[in-house]
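Beneath this line is the structure, given in structure tokens, with notes to follow.
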Amino acid sequence: MKAPVTASKGLVPGGTNGLTGPGGIDGRILDSLPMQIAIIDCQHTILYINETWRRFIAANGVSEKELVGADYLETYRIADRPDVALGIRQVLVGEQTNFTFEFRCPVSIGAGWMKAQLTPVIREDTILALTVTHQTSTETQVIEPTLPEVLPVTQSIQCPQQLDKVLETIREGLYTVNRQGVVTYWNKGAEAILGTTRDEALGKNLWHLLPDTEYPIASSSLQRSLTQQISLQFEEFSPGTNQWLEVSAYPFEGGLAVFVRDITARRQSEEQLRIALERYDIATQATNDAVWDWDLITGETYRSEGFKEILGLDASEIIPNEDFWLTVIHPEDLEKSKQNIREIIAGSDIYWELDYRVLRKSGGYTYVKDRGKVLRDAEGKAIRMVGAIRDIFQNHYYLTLEKLERDVLQMNAIGGMPLADIMRHYMREIELLHPGMICSILEVRNNRVYNLASPSLPPDYRSAIEGLPIGDNAGSCGTAAFRKEKVIVTDIQNDFRWKDYKSLALQAGLRACWSQPVLDSSDNVMATFACYYTEPKAPTQLEENTIRRTEHILQVILESSRTEEALKETNKRYELVTKVTNDIIWDWDIKSDIIYWSTSLESMIGMQEIAPIKTVEAWATRIHPEDIDRIWESHTKALGSPDVTQWKGEYRMIKSDGTYVTVLDRAYLMRDKEGTAVRMIGALQDISQQKEQELEREQLIRELSQTNQDLRQFSFITSHNFRAPLSNLMGLLKLMEEISINDPILEELIQGFNVSTSALNDTVNDLIDVLIIKGNPSKEKSEVRVKEIFDKIYGQIRIPLYEANASVEFDDSAAPVVLFDRSYLESIFMNLLTNSLKYRSYERRLQVSIRTQIADDSVLLIFRDNGIGMDLPRYRNRLFGLYQCFHERPDSKGLGLYLVKSQIEALGGTIEVESEVNVGTTFTIALKKEMS
């Protein structure tokens, strides 16, 4: 059983109390070590501090006299920590060989965290004292000690037993060598770290113990430190032991003291930290956030790559301290931000969030959301803040723009404020949303522009453009209004559309102008919305969005304003009209259900003799029973449809004498911002006489239809009666051709009679064809193969085409079958092909192309030739007329195109033509795919 260990009393502060060696060499070894070392007695009194500890407290304004003799626990403010008291007690009674804890050092500037280790100094099973070592808790700061007083050359380092007890409390490795490199001291820490026992090391040459093959850096560095008498610090990796070592060498005249620490765990942690930081940087780069880490003790601040994106700065321009950020915060937000940070640091919260504006390098401010977390020590004091900043300009932009739009629409709906004032407010707020933008609204009246709202445009410029005409090159606004399309001018001085206004813009300092026309529902230009800048500039995506949305808002406001003005004017006119007519104006307040009627209602229905119509229910009781359901349903549906603004109905209304009057009732609905109808204004017109006229007209139409039918029958009879004698005449003329006539005058008369009779016969045949088409428009359609029709017609006129050296191309691959009448299609092919042949150019070979094509719900037949063409602008209205000829060519009668159009339209098709003189003509026939 191990003998119990007891604690000693009565050690004297100010020395090592019997732990000194000959010549004071022991103190010099302790002073040479890079860590803070102290000796305290069993009552916690500080007896001794080494040179490293003395320099540390001196740098923090504390002298050795203030420390030696003081209570260690009280001085370092750890007396009230139960964990420390228990740990020290266990070391003093031998229950633990050492005790380690962390604390915030009160005798250092900034109160940094320290790691303390307490180890007993034992002699003959008695604890004489405790050795205390201090190191910073993050990374040990090696401070090169002042070299001790030079010893005589002849004196060697011999660590006495007492000193050995103190040095053995040090967990790190410590050894000394003489000037020849022979090991004179080797502590237990060196045994554990280097894997060589004290007996194996003492008296041996250090270079044999640390061969340069395994320790190349240590071998060369320690020899240089010993030879040149200089202090060195370095790190080395030992592949044999798989260790990272930190070595500090401190020469003295008698040799070299070497301090060795195993930093493998630290290096592994550093490598893990490096990998974590790399991942952290990659993660922050993959987001839009700018991450920051602020050490409140040192004032240093880390900022990620995201700050470059938000601020538009280079990495070298981002300074790693807290003052830098204060320089980029908007002046109006600065005090609020500083106050917020002060309250967070002084308070107890650990999370916080704040929105503010920051300055970008390119000019202008962007909105950011700053979220952070506060790290506090055990006492709750803030020691560190970490956070992430996100550019929320787009979020702020959309929220602000939506609120502005709601406010402007509400201001307009409520009324009471002039339109110009509403528009000026709107423009100022958009300018605040886009710093540097200058907004303007110009009304367009009689093809000229007039200022409506331009709060930031220079007054001289505003006056100069007042009343200017719109045009194709009339600046941005004039051109946009003329073309009815957006005009973006990024550089006024170098844009042709501003050639007449460059000097005017230059004097006003304007360099860019984008203008969007505002159209009403009838496609008429009401105004232009313009955005100016004082430097050449193209719109950003958000600015494009603002222009688009502002156009919609202006369209609603301006059109409603014009509608309201028009309604007021209309009401005035109605009031004037009703004084001289029987029309009636009425106004229904829907919320109160009160209807106002103009006095002319009395003259229409004799209202003074029946109950007055003051409500909509009373109005409904005056409607004819056969009309009430229809009118009431229509009226209710209009009220309940938010997008309906107009209503009309025709019904019969009872008069005071019990008879009915037929009225046409037309009304305009006014709605609130939710779309609910709040008012209805209308005009009632007596159309009884008009209805009687409509009945008469219907009777007349029936009579005309019968007359038309009779005329058509007459036409058929007449044409038939013409054909019989014409056929006889044509037969007689044919017989007369075989009779020899010697009288030249008679022969000429007969020849003339023959020509006239033939012409009359052709005319009658043409008229009959027309009558057949017009009189039989409902011919049934059937599937017809286009190739069969083409082959048939081509075979009939093949010889004339051959004689004319014509080239005919045919392609029905797109639609080989059409729904049409076969005889009509044959006639169409014949007329169009013979037209191409008849009106060909004699200067080039005739080329005809016939092809099919699919278009939506139609099949297209396209006939194209390179003939002499037509002056289409001149003859378009007469092109398909009866007996219309535009060229003097043989056999031109002007009937073919008339028949073609009649046949196509008779079966629901259409025909269009394109033609150019001396280039050619294209006919496009559209036939429906399916039968209706």
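As the structure is a computational prediction, the values presented were derived from the model and not from experiment.
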Quiz item: Who pairs with R384 by salt bridge (Lys or Arg N to Asp or Glu O under 4.0 Å), at least two apart in sequence or on another chain?
Solution: D293
Practice problem: Using the test side chain to side chain donor-acceptor pair (under 3.5 Å), find all partners of T921 that sit at least two apart in sequence or belong to another chain. | Solution: S915
Self-check item: Pairs satisfying ring-ring contact (aromatic ring centres under 6.0 Å, His included), at least one member in residues 423-445, at least two apart
Solution: Y397-H434
Exercise. Tell me, please, which residues at least two apart from R671 pass salt bridge (Lys or Arg N to Asp or Glu O under 4.0 Å).
Key: none
Exercise. Sorted by first residue and then second, give each salt bridge (charged side-chain N to carboxylate O under 4.0 Å, His left out) pair with at least one member in residues 913-926; sequence neighbours left out.
Key: none
Quiz item: E559: what forms a salt bridge (Lys or Arg N to Asp or Glu O under 4.0 Å) with it, not counting sequence neighbours?
Solution: none
Practice problem: Quick one: list whatever passes salt bridge (Lys or Arg N to Asp or Glu O under 4.0 Å) with E543, sequence neighbours left out. | Solution: K537
Quiz item: Which pairs count as salt bridge (charged side-chain N to carboxylate O under 4.0 Å, His left out) when at least one residue sits in residues 340-350, sequence neighbours excluded?
Solution: E335-R342
Quiz prompt | Sequence neighbours excluded, every pair satisfying salt bridge (charged side-chain N to carboxylate O under 4.0 Å, His left out) that has a member inside residues 401-413 | solution = K403-D407, E405-R549
Practice problem: Answer yes or no: is there an ion pair linking E332 with R357, defined by an N-O contact shorter than 4.0 Å? | Solution: yes
Quiz item: D672: what forms a side-chain contact (heavy atoms from CB on, under 4.5 Å) with it, not counting sequence neighbours?
Solution: E674, T676, V678
Quiz item: What pairs meet the salt bridge (charged side-chain N to carboxylate O under 4.0 Å, His left out) rule with one or both residues in residues 444-461, with sequence neighbours excluded?
Solution: E443-R445
Self-check item: side chain to side chain donor-acceptor pair (under 3.5 Å) partners of N340, counting only residues at least two apart
Solution: none
